[in-house]
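Worksheet: one structure, shown below.
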Amino acid sequence: MEIGIDSFAANNQENNELNNSANAKSIEELIERIELADKLGIDCFGIGEHHRKDFLDSAPSMILAAAAAKTSHIKLTSAVAVLSAQDPVRTFQNYATLDLISNGRAEMIVGRGSFSEAFPLFGLDFNDYDALYDEKLKLLLQIRDTEFVTWKGKFRPELINQPIYPRPLQEKLPIWVGIGGTPESAIRAGKLGLPLMIAIIGGETHRFRSIVELYKNAGIQAGHDPASLKVGIHSLGYVAETTEQAKDEFFPGYEKVFNKIGQERGWSKIDRAYFDRITSDTGALVVGSPEDVAKKICRHSDALGGLARFSFQMNVATLTHKQLLNSIELIAKKVIPLIKNKN
């Protein structure tokens with residue numbers, strides 16, 4: 001199992017400063033965290049994509065390219081790229097270029113996105129949410145697999161024997177499908193034979209077992225090798241010296257951020273009792289001591305029939321840079337060895 005870190009490049013400066021100077025410092029600290037993850041042997045680091053004032057990841061390939069120049073081993077991926085709102089040609093070019101800069105360490109996780117801001121920003125109709133993604137994903141895969149592309153669709157001008165450059169260093173740029181739990185999305189990923197990354201941000205992890213089964217059954221029925229049908233999960237998580245410390249440090253920012261988003265979306269208000277439930281043994285959040293976190297990741301893997309990758313999302317709880325660095329170190333030096341020893 002690969003262990004990774006994901007970030008939405010949240011601005012975590014003191015007093016919640018949202019200005020250019022604070023944003024520059026946040027990006028500098030994010031690159032420093034990626035450097036540390038690389039140095040300590042974390043397998044991958046992903047950057048999300050949002051178009052909101054409180055996140056700085058509207059151009060994730062730029063952040064990853066900056067990190068590529070300062071790292072040597074770690075895989076660098078989107079987490080996720082909102083493909084519905086992008087031109088697949090330009091998206092491929094960005095990540096093919098990242099692959100060249102990183103000497104073959106680029107990956108992509110592509111999805112429809114969980115926020116709607118990108119659609120009006122780029123002149124798209126949110127009612128076309130799924131159709132846009134379906135068409136653009138198929139075009140992206142054709143571009144990846146074929147240097148000269150002939151293609152015609154509904155949402156983009158056609159391509160007639162058009163060569164698309166640069167080509168990545170890797171023979172086949174890895175592309176995962178990121179989903180939030182929609183069965184249709186899992187089935188689509190299976191039919192295409194692409195690895196599946198499930199974002200689990202609440203509830204209990206075992207409830208996604210049926211989604212994984214739909215994905216694998218669809219892939220097998222489409223003739224893909226079962227070994228290629230990899231499953232990973234992206235989960236809110238944080239590691240401190242003790243479980244009590246981890247929860248006490250993570251909860252205040254988590255409550256603030258998710259209640260703000262919940263107010264926009266009409267969710268019920270989050271409180272400490274809810275947080276304690278979803279950080280329990282079967283809950284989705286992976287927040288605790290190295291020992292408790294390692295056990296929980298293994299339980300998640302067992303519940304879903306085996307995981308190829310587990311990625312921590314720590315950067316949505318207004319934790320300090322120092323706390324995030326410490327958590328990355330604990331993951332690398334204590335959590336990963338415990339998982340490897342169990343396996």
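Values reported hereafter were calculated over all heavy atoms of this structure, with side chains retained and with hydrogens, waters and symmetry mates removed.
The neighbour count for R90 CZ, taken as heavy atoms of other residues, nucleotides or ligands under 6.0 Å away, does not exceed 12. More than 12 heavy atoms of other shown residues, nucleotides or ligands fall within 6.0 angstrom of atom CD in E158. No more than 12 heavy atoms of other residues, nucleotides or ligands sit less than 6.0 Å from atom NZ of K39. Counting heavy atoms of neighbouring residues, nucleotides and ligands inside a 6.0 Å radius, atom CG of D302 exceeds 12 of them. Residue E244 qualifies as open at atom CD: its count of foreign heavy atoms under 6.0 Å is 12 or below.
Interatomic distance, Q162 CD to E147 CD, rounded to the nearest 0.5 Å: 11.0 Å. The line from CG of N127 to CG of L132 is 10.5 Å long, rounded to the nearest 0.5 Å. One finds the CD1 atom of I42 at 7.0 Å from the CD1 atom of I328 (value rounded to the nearest 0.5 Å). Residue I278 holds its CD1 atom at 3.0 Å from OH of Y254, rounded to the nearest 0.5 Å. F148 CZ to L159 CG: the interatomic distance, rounded to the nearest 0.5 Å, is 12.5 Å. A distance of 12.5 Å separates CD1 in I198 from OG in S311, rounded to the nearest 0.5 Å.
Residues D38 and I74 come closest through the heavy atom pair OD1-N, 2.9 Å. For T205 against L304, the heavy-atom pair with the smallest separation is O-CD2, 3.6 Å. Nearest heavy atoms, S102 versus A68: CB-CB, 3.8 Å. Here the shortest heavy-atom pairing between Y95 and S61 reads OH-N, 3.8 Å. Closest approach of L214 to P183, counting heavy atoms only: CD1-CB, 3.8 Å. Closest approach of L64 and S78 over heavy atoms only: CD1-N, 4.0 Å.
Using a 4.5 Å cut-off between side-chain heavy atoms of Ile, Leu, Val, Met, Phe, Trp and Tyr, with links allowed through other members, W267 and Y274 fall into the same hydrophobic cluster. Linking Ile, Leu, Val, Met, Phe, Trp and Tyr whenever their side-chain heavy atoms come within less than 4.5 Å puts M1 and V239 in one cluster. At a threshold of 4.5 Å between side-chain heavy atoms, the hydrophobic network of Ile, Leu, Val, Met, Phe, Trp and Tyr places F55 and M314 in one connected group. Follow the hydrophobic side-chain contacts under 4.5 Å out from V89 and you reach Y133 in the same cluster. Neither L169 nor I175 shares a network with the other; the hydrophobic side chains, linked directly or stepwise wherever heavy atoms of I, L, V, M, F, W or Y lie under 4.5 Å apart, form separate groups for each.
The closest donor-acceptor contact from the side chain of Q170 to the backbone of A106 lies under 3.5 Å. Formation of a donor-acceptor pair under 3.5 Å by the K296 side chain with backbone atoms of L285 is found in this model. Formation of a donor-acceptor pair under 3.5 Å by the T242 side chain with backbone atoms of S289 is not found in this model. At least one donor-acceptor pair under 3.5 Å links the side chain of Y215 to the backbone N or O of K230. For E49 (side chain) and A79 (main-chain N/O), no donor-acceptor pair under 3.5 Å exists by modelled atom type. At distances below 3.5 Å, not a single donor-acceptor pair connects side-chain atoms of K136 with backbone N or O atoms of P88. Of the possible donor and acceptor atoms, one in the side chain of S26 sits under 3.5 Å from a partner among the backbone N and O of A22. Using a distance-only test at 3.5 Å, with no hydrogens or angles considered, no donor-acceptor pair links the side chain of N259 to the main chain of K269. Counting only distance, with no hydrogens or angles, the side chain of S280 and the backbone of R277 share a donor-acceptor pair below 3.5 Å. Of the possible polar contacts, one joining the E135 side chain to the F155 backbone as a donor-acceptor pair under 3.5 Å is found.
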(request) Show your working on side chain to side chain contact (heavy atoms under 4.5 Å, CB included) between N11 and N23 and close with a plain yes or no. (result) CA-CA 6 Å; N11 183 317; N23 289 345; 2.7 Å; yes
(request) Give the C-alpha distance, both sets of side-chain angles, the deciding distance and a yes or no for salt bridge (charged side-chain N to carboxylate O under 4.0 Å, His left out) between E264 and R52. (result) CA-CA 13 Å; E264 296 174 9; R52 301 167 62 90; 2.8 Å; yes
(request) Evaluate the side chain to side chain contact (heavy atoms under 4.5 Å, CB included) criterion for residues F312 and V293: first the C-alpha distance (whole Å), next the side-chain angles of each, then the deciding distance (0.1 Å), finally the verdict. (result) CA-CA 11 Å; F312 288 85; V293 163; 3.7 Å; yes
(message) Set out, in order, the CA-CA distance, both residues' side-chain angles and the distance that settles salt bridge (charged side-chain N to carboxylate O under 4.0 Å, His left out) for R272 and D248, then state yes or no.
(response) CA-CA 10 Å; R272 184 60 190 249; D248 288 345; 3.4 Å; yes
(request) Apply the test side chain to side chain contact (heavy atoms under 4.5 Å, CB included) to residues L137 and L192: give CA-CA distance (whole Å), side-chain angles for both, the deciding distance (0.1 Å), then the verdict. (result) CA-CA 10 Å; L137 176 58; L192 293 171; 3.6 Å; yes
(request) Show your working on side chain to side chain contact (heavy atoms under 4.5 Å, CB included) between T279 and F250 and close with a plain yes or no. (result) CA-CA 11 Å; T279 53; F250 192 85; over 6 Å; no
(request) Could you give me the CA-CA distance, side-chain angles and deciding distance for E291 and K295, then say whether salt bridge (charged side-chain N to carboxylate O under 4.0 Å, His left out) is met? (result) CA-CA 6 Å; E291 294 77 15; K295 289 176 185 176; over 6 Å; no
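Here the side chains of I5 and N315 are not in contact, with every heavy-atom distance at 4.5 Å or above. Contact annotation: the side chain of V286 approaches that of F310 to within less than 4.5 Å [non-hydrogen atoms, C-beta and beyond]. When side chains are defined from C-beta on, L30 counts as touching R33, because their heavy atoms get closer than 4.5 Å. Within the 4.5 Å cutoff, the side chain of D54 has heavy atoms near those of the K260 side chain. Residues L124 and S84 have side chains not in contact (no heavy-atom distance under 4.5 Å, counting atoms from C-beta outward). Side-chain contact between I211 and I179: present, with at least one pair of heavy atoms (C-beta onward) separated by less than 4.5 Å. A heavy-atom distance below 4.5 Å is not found between the side chains of D43 and K75. Here the side chains of R156 and D87 are in contact, with some heavy-atom distance below 4.5 Å.
Checked against F92 for a side chain to side chain contact (heavy atoms under 4.5 Å, CB included), the options R144, Q142, Q86 give a single hit: R144.
Side-chain rings of H51 and F115 stay apart, their centers remaining 6.0 Å or farther from each other.
Under the 4.0 Å criterion applied to side-chain N and carboxylate O atoms, K334 and E241 are assigned as salt-bridge partners. The pair R188-D130 meets the salt-bridge criterion, since a charged nitrogen lies less than 4.0 angstrom from a carboxylate oxygen. The residues E107 and R309 are annotated as salt-bridged, a charged nitrogen and a carboxylate oxygen being separated by less than 4.0 angstrom.
Remark: R112 is not positioned above the aromatic ring of Y129, lacking an NZ or CZ atom under 6.0 angstrom from the ring centre and at most 45 degrees off the axis.
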